[in-house]
Amino acid sequence: MITGWFTGEGDGFRLLGTRCSSCASVFFPREDVHCRNPHCAGGTLEETPLSRTGRVWSYTDTRYRPPSPYVSDTELPWEPYALVAVELAAERIVVLGQAAPGITVADLAVGMAVEVVPGVLHADAETAWTTWNWRPVGARS
């Protein structure tokens, strides 16, 4: 699990970003040092839960194993997955993430409503690395 990037479980699962107290810009991944908005003199950066739902801004599929630091078992065959860019209207940002297992590019469309759900990036005998996935609203995976 990436500490500080998300919280909760099930329907309470949320990505965590930070919001500048001066200009209200929202950042994900979180920013804890300074406001990234070049037009802002800077303010306090406060942790903020992001919207659970958004709209597909763009999507594609992966056809090759990404390089390190992506974690995967090189002994197993590569399985393509859909990668989704989701616009969070309230935060005015786009967040990239994998589609939930079983969701392919054939299941996605630009403008489609999706929700963030917990996922597993990789698991071995000792550890499961938790991440986030995007799933069409109403779909179950």
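Counting from 1, the numbers follow the sequence of the chain as shown. Treat the numbers as computed from the prediction; the structure is a model and nothing was measured.
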**Request:** Identify the heavy atoms of Ile93 and Phe28 that sit nearest to each other, and give their distance.
**Result:** CD1-CB, 4.1 Å
**Request:** For a side-chain contact (heavy atoms from CB on, under 4.5 Å) with Leu16, tell me which candidate from Thr48, Leu50, Thr7 qualifies.
**Result:** Thr7
**Request:** Kindly compute the distance separating CD1 (Ile103) from CG (Asn133), expressed to the nearest 0.5 Å.
**Result:** 9.5 Å
**Message:** Using the rule side chain to side chain donor-acceptor pair (under 3.5 Å), only one of Glu115, Glu87, Glu91 pairs with Ser51; which is it?
**Reply:** Glu91
**Donor-acceptor under 3.5 Å (Thr18 side chain, Arg30 main chain)** = no
**Message:** Please tell me whether Tyr81 and Leu96 are part of a single hydrophobic cluster in this structure, the criterion being side-chain heavy atoms less than 4.5 Å apart.
**Reply:** yes
**Prompt:** Quick one: CZ on Arg65 to CD on Glu79, what's the gap to the nearest 0.5 Å?
**Reply:** 9.5 Å
**Message:** Restricting to non-hydrogen atoms, name the atom on Leu88 and the atom on Gly54 that form the minimum distance, rounded to 0.1 Å.
**Reply:** CD2-CA, 4.0 Å
**Message:** Would the distance check show the side chain of Arg52 and the main-chain N or O of Asp11 forming a donor-acceptor pair, the cut-off being under 3.5 Å?
**Reply:** yes
**Prompt:** Quick one: which of Val86, Val56, Val137 gives a side-chain contact (heavy atoms from CB on, under 4.5 Å) with Met112?
**Reply:** Val56
**Prompt:** Looking at side-chain heavy atoms only, is the closest gap between Leu45 and Phe27 below 4.5 Å?
**Reply:** yes
**Message:** When you group the ILVMFWY residues by side-chain heavy-atom contacts below 4.5 Å and let the links chain together, are Trp78 and Leu83 in the same group?
**Reply:** yes
**Fill in**
Rounded to the nearest 0.5 Å, the OG atom of Ser25 sits from the CZ atom of Arg92 at a distance of 7.0 Å
**Request:** Would you please classify the geometry between the Trp132 ring and the Trp5 ring as parallel, tilted or perpendicular, with 30° and 60° separating the classes?
**Result:** tilted
**Prompt:** Is there a donor-acceptor pair under 3.5 Å between the side chain of Arg19 and the backbone N or O of Val26?
**Reply:** no
**Asked** So, do Trp57 and Val110 sit near enough that their side-chain heavy atoms are less than 4.5 Å apart?
**Response** no
**Asked** Is there a path from Val114 to Phe6 through hydrophobic residues (I, L, V, M, F, W, Y) whose side chains come within less than 4.5 Å of each other?
**Response** yes
**Fill in**
Looking only at heavy atoms, the pair that brings Phe13 and Thr131 closest together is CZ-O, 3.8 Å
**Prompt:** Under 4.5 Å between any side-chain heavy atoms of Ser21 and Glu46, yes or no?
**Reply:** yes
**Request:** Show your working on side-chain contact (heavy atoms from CB on, under 4.5 Å) between Ser22 and Cys35 and close with a plain yes or no.
**Result:** CA-CA 9 Å; Ser22 179; Cys35 180; over 6 Å; no
